[in-house]
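A short worksheet on the structure shown next.
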Amino acid sequence: MSSIPRSIVVLTGAGVSAESGIPTFRAADGLWEEHRIEDVASPEGFARNPALVHDFYNERRRRLRQSDVRPNKGHLALAEFERKFRGEFLLVTQNIDDLHERAGSRKLLHMHGEMLKIRCELCGAVVENREADISPASICPCCHCAGGLRPHVVWFGEMPFHMDEILTALAACDLFVSIGTSGNVYPAADFHRTAKAAGAETVELNLEQTGGNFDRGRYGPASEIVPAFFANFPESIFTR
C-alpha cells in the first residue's frame with residue numbers, strides 16, 4: 001500500500017458472485033438470462049407483465065437457495081478484513097444476492113436492493129421473503145392487500161438505495177476499492193472518481209481492466225485477487 005488507510009470503501013459487482021454460481025448481469029447479446037432487460041428489470045416491464053417479472057425473480061430466488069451457491073474466497077476475504085480492520089469500513093454492493101451476508105459482512109449496503117426481500121407499493125412495507133414464490137395475487141403480510149407486492153430491487157430508471165450514505169463515505173475515505181464491476185452502470189461507475197476527487201487512492205480488482213483510470217489495478221478471478229489484495233496490509237491497521 002502507498003499509505004496506511006484509515007477509511008475504506010469497497011464496491012462489489014457481479015464479478016464477485018460469478019464464481020459462486022450467480023450469473024453476471026448481462027450477456028454479450030444484451031439479454032439477462034434469456035430475457036430482455038426492459039421486460040424484467042424496469043418499472044414499465046413490470047407494469048406490462050407483472051407475472052413474468054415475478055416468475056423471473058422467483059426462479060432467481062430458488063437458484064440462490066441451492067446448495068452449490070455459497071460465498072467464495074472473495075466474499076470471505078472481505079468479511080474477514082472487515083472484522084479485523086480498526087478503521088472505518090463500508091462495503092457497497094451492486095449485487096442483490098445475500099452472499100456477502102452469508103460470508104459474515106456486516107457493514108454492508110445493497111444499493112440495488114435485495115433479492116430476498118419484497119416491497120409493497122400500497123403500504124411501503126419491506127419484508128424478508130426467502131422461500132415463498134410471489135405472484136400478482138400475493139397478499140402483503142403488512143396491509144393484507146393483494147396486487148401491491150414487487151421485488152425489492154432497483155430497476156432501470158429508478159434511484160439506487162442509500163446514495164446519501166454512500167456519497168458521504170466516498171467523500172471521507174482514503175482508499176476506494178472496486179471489485180468485479182463492469183464500470184458501465186451509473187451512478188456506481190462514478191464512485192471511484194468521487195473518491196479520487198476527495199483525495200482517496202483508487203484500486204480496481206477485476207477480471208480485466210475497465211479503463212476507469214484507477215490509480216492501481218490487479219486482474220484475475222475475484223476468488224484469487226481479492227484475498228491476495230486484502231492480505232497485503234500491514235498488521236498495524238488491525239485490531240489487536
Side-chain angles (χ1 to χ4, degrees), residues 9 11-18 22-61 63-64 90-100 108-129 133-138 140 142-143 145-170 178-195 210-212:
V9 175
L11 171 70
T12 63
V16 174
S17 293
I22 303 296
T24 53
F25 184 78
R26 195 186 315 206
D29 58 8
L31 298 180
W32 189 7
E33 297 182 37
E34 301 182 0
H35 292 276
R36 293 195 317 152
I37 299 294
E38 298 82 2
D39 292 336
V40 295
S42 72
E44 295 78 14
F46 186 62
R48 286 193 302 270
N49 194 342
L52 171 67
V53 176
H54 279 305
D55 286 346
F56 177 78
Y57 285 94
N58 289 338
E59 177 58 34
R60 288 172 63 84
R61 196 180 301 116
R63 174 62 184 143
L64 190 58
L90 179 63
L91 174 57
V92 180
T93 186
Q94 297 172 281
N95 299 333
I96 60 175
D97 59 62
D98 68 338
L99 295 177
H100 282 304
L108 171 67
L109 296 176
H110 282 269
M111 65 178 295
H112 289 164
E114 300 176 61
M115 194 191 319
L116 298 181
K117 291 183 179 179
I118 51 176
R119 184 167 80 246
C120 180
E121 294 188 309
L122 301 177
C123 71
V126 177
V127 296
E128 190 170 281
N129 180 62
D133 283 353
I134 303 300
S135 76
S138 294
C140 173
C142 297
C143 69
C145 295
L149 293 179
R150 59 161 282 178
H152 185 55
V153 298
V154 176
W155 291 326
F156 284 95
E158 296 182 325
M159 178 64 67
F161 300 139
H162 311 296
M163 284 304 300
D164 287 345
E165 189 172 351
I166 293 168
L167 292 174
T168 297
L170 290 171
S178 175
I179 305 174
T181 69
S182 67
N184 294 324
V185 179
Y186 290 85
D190 268 337
F191 285 177
H192 72 289
R193 297 182 182 91
T194 301
T210 63

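These numbers were taken from a predicted model, which means no experiment stands behind them.
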My understanding is that only residues two or more places apart in sequence, or in another chain, count here; which of them pass side-chain contact (heavy atoms from CB on, under 4.5 Å) with T181? L11, Q94, S178
Holding to salt bridge (Lys or Arg N to Asp or Glu O under 4.0 Å), I want the full list of residues that pass it with D190, two or more places apart in sequence or in another chain. R193
Ring pair (Phe, Tyr, Trp, His ring centres under 6.0 Å) with H110: which residues, sequence neighbours excluded? none
Between CG on residue L116 and CG on residue D98, distance to nearest 0.5 Å: 5.0 Å
Taking side-chain contact (heavy atoms from CB on, under 4.5 Å) as the definition, give me every residue that meets it alongside S135, ordered by chain and number, with sequence neighbours left out. A137, S138
Do the non-hydrogen side-chain atoms of C140 and C123 ever get within less than 4.5 Å of each other? yes
Determine whether the aromatic ring centres of H112 and F161 lie less than 6.0 Å apart. no
Report the residues that fulfil salt bridge (Lys or Arg N to Asp or Glu O under 4.0 Å) with E158, sequence neighbours left out, ordered by chain and then residue number. R150
Between CD1 of I96 and CZ of R60, what distance do you get to the nearest 0.5 Å? 4.5 Å
Over all heavy atoms of both residues, which pair between A169 and L90 is shortest? Give the atoms and the distance, please. CB-CD2, 3.6 Å
When rounded to the nearest 0.5 angstrom, what distance separates CD1 in I37 from CH2 in W155? 13.0 Å
So, taking the atom named CG in L149 and the one named SG in C142, what distance separates them when rounded to the nearest 0.5 Å? 9.0 Å
List in chain and number order the residues that pass side chain to side chain donor-acceptor pair (under 3.5 Å) with T210, two or more places apart in sequence or in another chain; answer none if no residue qualifies. E204
For D97, is there any backbone N or O sitting under 3.5 Å from a side-chain donor or acceptor partner on N95? no
Return the minimal non-hydrogen interatomic distance between L122 and C145, and the atom names on each side. CD1-CB, 3.7 Å
To the nearest 0.5 Å, atom CE of M111 lies from atom CE of M159 at 9.5 Å
Would you please name every residue forming a side chain to side chain donor-acceptor pair (under 3.5 Å) with H100, sequence neighbours left out? T12
Looking at side-chain heavy atoms only, is the closest gap between L109 and L91 below 4.5 Å? no
Short side-chain to backbone donor-acceptor contact, Y57 and D133, under 3.5 Å: no
Please, which pairs that meet side-chain hydrogen bond (donor to acceptor under 3.5 Å, both in side chains) have at least one residue in residues 113-129, sequence neighbours excluded? E114-K117, R119-H152, E128-R130
Is the closest side-chain heavy-atom distance between L64 and M115 below 4.5 Å? yes
Could you tell me which residues satisfy side-chain contact (heavy atoms from CB on, under 4.5 Å) with A146, sequence neighbours excluded, listed by chain and number? I139
With sequence neighbours left out, which residue pairs that include part of residues 43-54 fulfil the side-chain hydrogen bond (donor to acceptor under 3.5 Å, both in side chains) condition? D39-R48
Between the CE atom in M163 and the CG atom in L170, the distance rounded to the nearest 0.5 Å is 8.0 Å
Evaluation steps, side chain to side chain contact (heavy atoms under 4.5 Å, CB included), between V126 and I118: CA-CA 6 Å; V126 177; I118 51 176; over 6 Å; no
With sequence neighbours left out, the residues meeting side chain to side chain donor-acceptor pair (under 3.5 Å) with D55 are none
If the condition is side-chain contact (heavy atoms from CB on, under 4.5 Å), which residues does A189 pass it with, not counting sequence neighbours? Y186
